[in-house]
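The structure under discussion appears below in the form of structure tokens.
Given the structure is predicted, the values throughout are model-derived calculations rather than measurements.
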Number of protein chains: 2
Amino acid sequence: MTSSSAHQLRERGLQVTAQRLAVLRAVAGRPHCTAEEVTEAVRGEIGVISRQAVYDSLNLLVQKGLLRRIQPAGSSALYEDRVNDNHHHVICRRCGQTADIDCAVGAAPCLNASSDSGFRIDEAEVIYWGVCPGCLGQP
Amino acid sequence: MTSSSAHQLRERGLQVTAQRLAVLRAVAGRPHCTAEEVTEAVRGEIGVISRQAVYDSLNLLVQKGLLRRIQPAGSSALYEDRVNDNHHHVICRRCGQTADIDCAVGAAPCLNASSDSGFRIDEAEVIYWGVCPGCLGQP
DNA sequence: AGCCAATTCTTGACACAGTCAATAATCGGA
DNA sequence: TCCGATTATTGACTGTGTCAAGAATTGGCT
């Protein structure tokens with residue numbers, strides 16, 4: 001687990017540091033977590049880490065394809081480690097809870113825009129908004 | 001034009017003020033503009049307006065369905081006045097330019113998530129990411 | 001027209017997420 | 001083990017947006 005993370009880092013030309021491993025583990029352990037939650041988790045695990053190191057690691061890991069970032073309207077950025085499958089997200093309008101939703105049809109159903117205005121499109125990001133089961137119960 | 005905006009405001013139980021009309025006109029005249037751009041536009045039109053009044057107006061108008069807000073990752077919120085048609089957006093990864101994209105198939109093609117995790121979904125927000133024609137020319 | 005209560009605007013302080021820049025510590029290859 | 005390059009820490013800072021109190025405006029009413 002840890003060693004494979006280390007391997008993934010090295011493979012991409014990155015140094016292996018305690019901070020980066022802990023960030024990876026924190027995100028793996030709690031999907032859709034914020035930078036602050038990562039910070040707290042990492043602090044609980046390796047003692048101290050600076051805010052900057054968390055942001056640096058997260059940005060780097062997103063850039064290198066080890067993590068994925070989602071930035072829903074009205075909340076701070078969330079991170080997850082499901083990077084190789086095509087899935088989207090549902091967010092509860094009331095409590096903000098975020099869940100994964102697998103793509104409905106095939107691999108990238110929404111990538112076919114009718115008129116693309118000349119853009120070269122490489123990604124379709126879909127966020128579903130609604131109300132989660134928990135909040136549905138208490139109106 | 002102006003009188004119909006005034007009518008729309010009254011219809012929703014809102015008072016008609018110079019600030020709100022100017023905000024509406026600013027957004028109508030420049031699609032996908034930020035709060036700051038609205039502020040500048042309004043200042044050019046009616047002299048002065050406080051930042052707070054701009055935010056209040058925008059939030060209220062979004063809430064009342066006269067404007068639509070989009071909040072792409074990595075940029076501040078954008079506002080537009082196309083509220084009655086179902087369309088999405090393409091954003092250029094390089095320059096941030098935003099354009100409208102009409103829905104590919106029917107009215108709401110992406111609203112059918114396969115497993116909705118028990119959420120009651122009411123909206124599917126789609127953002128396409130890519131590179132705009134202008135930026136494609138200069139790699 | 002003029003008045004009054006409710007709504008709206010202004011002003012200024014504030015909160016939060018994220019970034020910048022300089023210095024210190026760590027990693028990993030020789 | 002040592003050294004250069006990469007990474008972490010620290011602290012200041014920016015931008016976007018919100019909160020709260022008082023002043024101004026709106027629009028219904030007489």
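For the pair B:Leu58 and B:Val27, the minimum side-chain heavy-atom distance is below 4.5 Å. Counting only heavy atoms from C-beta outward, the side chains of B:Ile101 and B:Val126 never approach each other to under 4.5 Å.
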Return a single string for nucleotides 9-22 of chain D, one symbol per nucleotide in 5' to 3' order, where B is base contact, S is sugar-phosphate-only contact and - is none, cutoff 4.0 angstrom on heavy atoms. BBBB---BBBBB--
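Nucleotide C:dG28 holds its P atom 14 Å from the NE2 atom of A:His7, rounded to whole Å. Atom CD of B:Gln15 and atom P of C:dA5 are 15 Å apart (whole Å). What separates CG of A:Leu60 from C1' of C:dC27 is a distance of 15 Å, to the nearest Å. Distance B:Leu9 CG to C:dT7 P: 16 Å, rounded to the nearest Å. Between B:Ile46 atom CD1 and D:dA24 atom C1' there is a gap of 14 Å when expressed in whole angstrom units.
Under a 3.5 Å cut-off, the side chain of A:His32 and the backbone N or O of A:Thr98 do form a donor-acceptor pair. Side chain of A:Glu37 to main chain of A:Thr34: a donor-acceptor pair is present (N/O by atom type, distance under 3.5 Å, no hydrogens or angles).
Contact check, A:Thr17 against D:dT6: no side-chain N or O comes under 4.0 Å of OP1 or OP2. Checking the phosphate oxygens (OP1, OP2) of D:dT26, no side-chain nitrogen or oxygen of B:Arg10 falls inside 4.0 Å.
In this structure, A:Arg20 and B:Leu14 both approach DNA chain D, and ranking their closest nucleotides by distance from the 5' end singles out A:Arg20.
In plain terms, the two heavy atoms of A:Arg69 and A:Ala77 that are nearest each other are CG-CB, 4.1 Å.
In this structure, NZ on A:Lys64 lies 13.5 Å from OG on A:Ser57, to the nearest 0.5 angstrom.
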